[in-house]
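In what follows, a structure is listed as structure tokens, so that the remarks can point back to it.
Side-chain atoms are counted along with the backbone in the values below, which use heavy atoms only and exclude waters and symmetry mates. Keep in mind the model is a prediction, meaning the values are calculated, not measured.
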Amino acid sequence: MKTCQLLLCLGLWVACTVSKPTEKKDRVHHDPELSDKDHDDAQNFDYDHDAFLGAEDAKTFDQLTPEESKGRLGKIVGKIDADKDGFVTVNELRDWIKFAQKRWIYEDVDRQWKGHDLNGDSMVSWEEYKNATYGYILDDPDPDNSFNYKQMMVRDERRFKMADKDGDLIATKEEFTAFLHPEEFDYMKDIVVLETMEDIDKNGDGLIDLEEYIGDMYNHEGDANEPEWVKTEREQFEEFRDKNHDGKMDKEETKDWILPSDYDHAEAESRHLVYESDQNKDGKLTREEIVDKYDLFVGSQATDFGEALVRHDEF
């Protein structure tokens with residue numbers, strides 16, 4: 001098992017740091033759209049259902065009776081109300097939507113947590129993670145590809161220490177999540193930038209020049225004719241990425257590139273849901289207000305059947 005795990009880690013590391021795919025590599029971290037459906041409440045609330053529950057859970061609610069949907073929605077409201085004051089604010093709703101959209105991250109952490117909390121104390125120390133992930137190297141002082149594994153271990157240790165806020169080399173569940181998915185945490189963004197620059201910076205000067213930038217995305221493979229997207233990326237680098245026009249991207253320029261300040265879809269959707277459901281217009285929602293407007297938040301057999309009738313009429 002350990003050997004397979006190491007081979008998987010090595011394969012991912014090599015793919016990120018060594019290979020140069022002929023297809024464009026996207027290193028930019030964007031928040032995904034909340035749904036692939038159109039946001040048109042005049043037609044249906046499918047977008048809102050996907051945003052509020054996540055696409056997979058939204059499908060589950062479509063199979064429930066209206067009474068069952070209301071009952072489950074009422075239980076969800078209790079989870080959204082973080083401070084337990086009986087109201088759901090825009091911020092609480094925004095945080096819930098972000099959680100629902102990225103539930104796969106927490107499921108991934110749960111799976112890995114079980115494999116790394118070796119002593120069962122509900123914490124994961126660096127020693128536990130190192131032994132579970134790199135035990136093969138520690139047992140064999142000279143395995144094949146040991147240099148790459150050791151590089152990976154040093155890099156993982158640095159990231160683990162960054163995620164470990166109190167510096168005790170023991171990660172809580174949240175700190176372990178930050179270690180595995182650093183792009184999701186503001187305090188981990190510097191390590192995301194640093195690791196990206198290390199992957200792309202081939203001459204070791206701590207900066208990314210134009211050829212390193214292009215080389216990370218595209219391998220010429222003897223082809224003198226670059227695709228149009230490569231030419232566009234060259235222009236993007238010179239006109240926008242390299243803001244001070246010194247021919248290279250530094251840390252801040254790289255951060256602006258890979259971690260852009262995106263439009264906050266969750267914030268916009270939370271405001272929309274509150275506006276549509278807030279009967280007394282006090283800027284926050286009670287459980288009753290949400291359940292009363294349940295078809296905006298979740299689906300049911302009734303709403304699914306209603307939408308089917310609309311589609312039939314249109315046909």
Side-chain angles (χ1 to χ4, degrees), residues 1-14 16-17 27 29 31 79-84 91-92 94-96 98-143 145-199 201 206 251-252 254-255 258-259 266:
M1 179 61 72
K2 288 183 179 178
T3 302
C4 293
Q5 188 176 19
L6 280 168
L7 289 174
L8 176 60
C9 290
L10 179 62
L12 292 172
W13 183 81
V14 169
C16 290
T17 61
R27 288 190 177 272
H29 298 278
D31 278 339
K79 297 179 181 179
I80 301 173
D81 180 18
D83 60 9
K84 307 304 178 185
N91 288 344
E92 288 173 331
R94 178 201 62 209
D95 291 343
W96 167 262
K98 289 186 175 182
F99 169 80
Q101 292 295 316
K102 296 179 178 179
R103 189 177 282 120
W104 68 271
I105 290 177
Y106 300 101
E107 291 172 351
D108 173 58
V109 172
D110 285 340
R111 284 193 298 269
Q112 297 210 43
W113 184 264
K114 294 174 184 176
H116 291 96
D117 179 17
L118 301 181
N119 64 5
D121 66 349
S122 298
M123 307 285 276
V124 173
S125 69
W126 167 246
E127 286 300 315
E128 284 179 310
Y129 181 82
K130 181 177 67 174
N131 290 330
T133 306
Y134 299 105
Y136 175 70
I137 297 176
L138 300 176
D139 294 338
D140 186 346
D142 191 28
N145 298 314
S146 63
F147 178 71
N148 286 333
Y149 288 139
K150 288 174 182 176
Q151 282 184 309
M152 293 164 58
M153 188 164 62
V154 169
R155 183 158 157 155
D156 274 354
E157 184 175 11
R158 182 181 63 188
R159 189 198 283 191
F160 192 98
K161 289 178 177 178
M162 180 70 73
D164 177 29
K165 288 183 175 181
D166 59 10
D168 61 358
L169 289 181
I170 300 174
T172 63
K173 194 73 165 287
E174 182 179 2
E175 290 170 337
F176 193 63
T177 304
F179 168 67
L180 295 176
H181 299 278
E183 69 282 353
E184 302 297 333
F185 293 79
D186 286 340
Y187 80 99
M188 295 293 289
K189 287 184 177 179
D190 283 347
I191 201 73
V192 175
V193 174
L194 177 59
E195 290 179 359
T196 302
M197 294 188 74
E198 288 175 345
D199 290 346
D201 173 27
K251 177 182 175 181
E252 289 304 314
T254 302
K255 184 176 183 178
I258 66 172
L259 297 169

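Among residues two or more places apart in sequence or in another chain, the salt bridge (charged side-chain N to carboxylate O under 4.0 Å, His left out) test is passed with E174 by none. Partners of E184 by salt bridge (charged side-chain N to carboxylate O under 4.0 Å, His left out), not counting sequence neighbours, listed by chain and number: K102. Applying the side-chain contact (heavy atoms from CB on, under 4.5 Å) criterion to A178, with sequence neighbours excluded, gives A163, F185, Y187, M188. D186 meets the salt bridge (charged side-chain N to carboxylate O under 4.0 Å, His left out) test with K189; sequence neighbours excluded. N91 is linked by a side chain to side chain donor-acceptor pair (under 3.5 Å) to R94, counting only residues two or more places apart in sequence or in another chain. Remark: E252 pairs with no residue by the salt bridge (charged side-chain N to carboxylate O under 4.0 Å, His left out) rule, at least two apart or across chains.
Minimum heavy-atom separation, V124 to F160: O-CZ, 3.4 Å. Considering all non-hydrogen atoms of both residues, G206 and D201 come closest at N-OD2, 2.8 Å. Closest of all the heavy-atom pairs between W104 and H181 is CZ3-CE1, 3.9 Å. Nearest heavy atom pair, residue F176 against residue V109, reads CD2-CG1, 4.0 Å. Closest heavy-atom contact between K79 and W96: CB-CZ3, 4.3 Å. Counting all heavy atoms, side chain and backbone alike, K251 lies closest to V193 at O-CG1, 3.7 Å.
Counting only heavy atoms from C-beta outward, the side chains of R158 and E195 approach each other to under 4.5 Å. Side chains of I170 and E128 form no contact here, defined as non-hydrogen atoms less than 4.5 Å apart. Two residues are said to be in side-chain contact when any heavy atoms from C-beta on lie closer than 4.5 Å; I258 and E183 fail this criterion. The side-chain heavy atoms of D199 and R27, taken from C-beta on, include a pair separated by under 4.5 Å. Two residues are said to be in side-chain contact when any heavy atoms from C-beta on lie closer than 4.5 Å; M153 and K130 meet this criterion. Within the 4.5 Å cutoff, the side chain of D166 has heavy atoms near those of the E175 side chain.
Looking only at distances, a side-chain donor or acceptor of D164 sits under 3.5 Å from a matching main-chain atom of D168.
In summary, D117 and K173 do not engage in a salt bridge, as defined by a charged side-chain N under 4.0 Å from a carboxylate O.
Using the six-membered ring where Trp is involved, Y106 and F99 have ring planes that are tilted, between 30° and 60° apart.
Note: D110 CG to I105 CD1 = 12.0 Å, rounded to the nearest 0.5 Å.
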